[in-house]
Amino acid sequence: MGVRRGALIVLEGVDRAGKTTQCKRLVQALRDSGKEAEMMRFPDRTTMIGQLISSYLEKKSNLEDHTVHLLFSANRWEQVPLMKKKLEQGISLVVDRYAFSGVAFTSAKPVNPAEVAGRGGFGDERYETSVFQRAVQQKFEQLIKDPSVNWKVIDAARSIEDVHTEIKTLSENAINIAENQPIGELWK
Ligand code: NYM
């Protein structure tokens, strides 16, 4: 029997929901229980494409909306061969944002720019205003209605520990199910 493949576990949500903290905790917990797991994040700012995205997010450069959308997409595609290889080797990937952020953030952009500019932000990067984040949240709520993706909704307004416990249980379950399934493709 061949190696059992790993699971692709993606944490999505609005900015400051605690995704990065939870991804790190999850990878550690999975490793502690003897499973192979690695963390990835998108945008991956370390690549050449990632550096263009980072400069845009930090408002050091301006990019046309379609262009930046495609850069975010390219930034995921450039990692796909590596991701597939790791999954095939039995490594589960815990990913801090993926294509759902791509859809949610880009499609939230029709929100009135004047309204976004007028409200207080909670960070220095682009998109970090409460008005914009509310629009993103609504887009995520539409996306989770897609039955072809195995979404679980997590209430992040609890302690780090409680959120972690729930994510860990769901992830272990997902890993057990994925083991016996071929690697599929998103939105197919
Ligand atoms: N973001 C992230 C997008 O607009 N499109 C995408 O495809 C992805 C993956 O980048 N505000 C946005 C969401 C965040 C910003 O992400 C930076 P992070 O997780 O804060 O590094």
Side-chain angles (χ1 to χ4, degrees), residues 8-28 37-84 86-87 93-113 115-144 146 148-151 153-154 156-157 160 163-164 167 171 185-188:
L8 179 69
I9 299 164
V10 175
L11 269 66
E12 287 283 12
V14 294
D15 290 356
R16 311 283 162 101
K19 295 180 298 301
T20 305
T21 302
Q22 291 296 334
C23 282
K24 288 181 182 159
R25 288 289 306 267
L26 179 60
V27 169
Q28 197 52 53
E38 288 182 19
M39 180 169 163
M40 298 184 82
R41 68 176 311 151
F42 292 101
D44 173 353
R45 303 188 194 216
T46 65
T47 69
M48 283 168 75
I49 293 169
Q51 283 162 32
L52 293 173
I53 294 170
S54 191
S55 152
Y56 170 80
L57 288 170
E58 292 167 13
K59 301 176 189 160
K60 290 178 183 157
S61 62
N62 287 315
L63 291 166
E64 192 272 339
D65 286 343
H66 302 79
T67 309
V68 75
H69 179 80
L70 291 172
L71 288 177
F72 274 114
S73 177
N75 184 238
R76 286 185 291 274
W77 277 111
E78 62 182 341
Q79 300 299 340
V80 166
L82 179 67
M83 292 171 80
K84 280 190 175 158
K86 287 186 187 284
L87 292 172
L93 298 175
V94 175
V95 189
D96 189 350
R97 296 189 187 283
Y98 201 51
F100 314 95
S101 275
V103 177
F105 277 78
T106 294
S107 63
K109 281 184 166 180
V111 77
N112 183 350
E115 203 189 350
V116 173
R119 304 280 179 89
F122 51 82
D124 295 330
E125 288 203 331
R126 275 183 216 267
Y127 313 141
E128 293 185 344
T129 68
S130 45
V131 175
F132 192 81
Q133 296 292 321
R134 261 198 299 280
V136 171
Q137 173 73 28
Q138 284 166 8
K139 297 294 178 184
F140 277 129
E141 281 165 12
Q142 286 170 15
L143 287 172
I144 61 176
D146 177 355
S148 76
V149 184
N150 182 15
W151 280 104
V153 179
I154 314 283
I160 291 177
V163 174
H164 167 67
I167 294 178
S171 300
E185 281 188 54
L186 203 54
W187 288 317
K188 279 249 168 110

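Positions are given from 1 along the sequence. One-based numbering, in listed order, for ligands and for the atoms of each.
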Answer with yes or no whether Arg41 contacts ligand 1, where contact means a heavy atom under 4.0 Å from a ligand atom.
-> yes

Quick one: do the Glu141 and Gln137 side chains pair a donor with an acceptor below 3.5 Å?
-> yes

Please check if the side chain of Arg76 supplies one atom and the backbone of Phe42 the other of a donor-acceptor pair under 3.5 Å.
-> no

Numbered atoms and elements of ligand 1 in range of Tyr127, under 4.0 angstrom, heavy atoms | 4 (O), 11 (N)

closest protein heavy atom to atom 14 (C) of ligand 1 is Asp15 OD1, 3.5 Å

Does a sphere of radius 6.0 Å around CD1 in Ile160 hold more than 12 heavy atoms from other residues, nucleotides or ligands, not counting ones at 6.0 Å or beyond?
-> no

What protein heavy atom is closest to atom 18 (P) of ligand 1, reported as residue, atom name and distance in Å?
-> Arg97 NE, 3.7 Å

Which bit of Arg76 is near ligand 1, meaning a heavy atom under 4.0 Å away: side chain, backbone, both or neither?
-> side chain

Which bit of Leu57 gets closer than 4.0 Å to ligand 1, counting heavy atoms only: side chain, backbone, both or neither?
-> side chain

Check against side chain to side chain contact (heavy atoms under 4.5 Å, CB included), Val149 and Phe100 | CA-CA 11 Å; Val149 184; Phe100 314 95; 3.9 Å; yes

Can you label the angle between the Phe105 ring and the Phe140 ring as parallel, tilted or perpendicular, going by 30° and 60°?
-> perpendicular

Report yes or no: does a heavy atom of Lys19 sit under 4.0 Å from some atom of ligand 1?
-> no

Show which atoms of ligand 1 fall inside a sub-4.0 Å distance from at least one heavy-atom site of Gly102.
-> 5 (N), 6 (C), 7 (O)

Which of the ligand 1 atoms, numbered from 1, are nearer than 4.0 Å to a heavy atom of Ser101 | 5 (N), 6 (C), 7 (O), 8 (C), 9 (C)

Out of Phe72, Tyr56, Tyr98, whose heavy atom is nearest to atom 2 (C) of ligand 1?
-> Phe72

Measure from the side-chain N and O atoms of Arg97 to the backbone N and O of Gly13, and report whether any donor-acceptor pair falls under 3.5 Å.
-> yes

Side-chain donor/acceptor of Glu64 to backbone N/O of His66, under 3.5 Å = yes

Nearest to atom 9 (C) of ligand 1, what protein heavy atom do you find, and at what distance?
-> Phe42 O, 3.5 Å

Check the surroundings of atom CG in Asp65: do more than 12 heavy atoms from other residues, nucleotides or ligands lie under 6.0 Å from it?
-> yes

Closest non-hydrogen protein atom to atom 4 (O) of ligand 1, residue and atom name please, with distance?
-> Phe105 CB, 3.1 Å

Does a sphere of radius 6.0 Å around CH2 in Trp151 hold more than 12 heavy atoms from other residues, nucleotides or ligands, not counting ones at 6.0 Å or beyond?
-> yes

Closest to atom 17 (C) of ligand 1 among protein heavy atoms sits Arg45 NH2, 3.4 Å

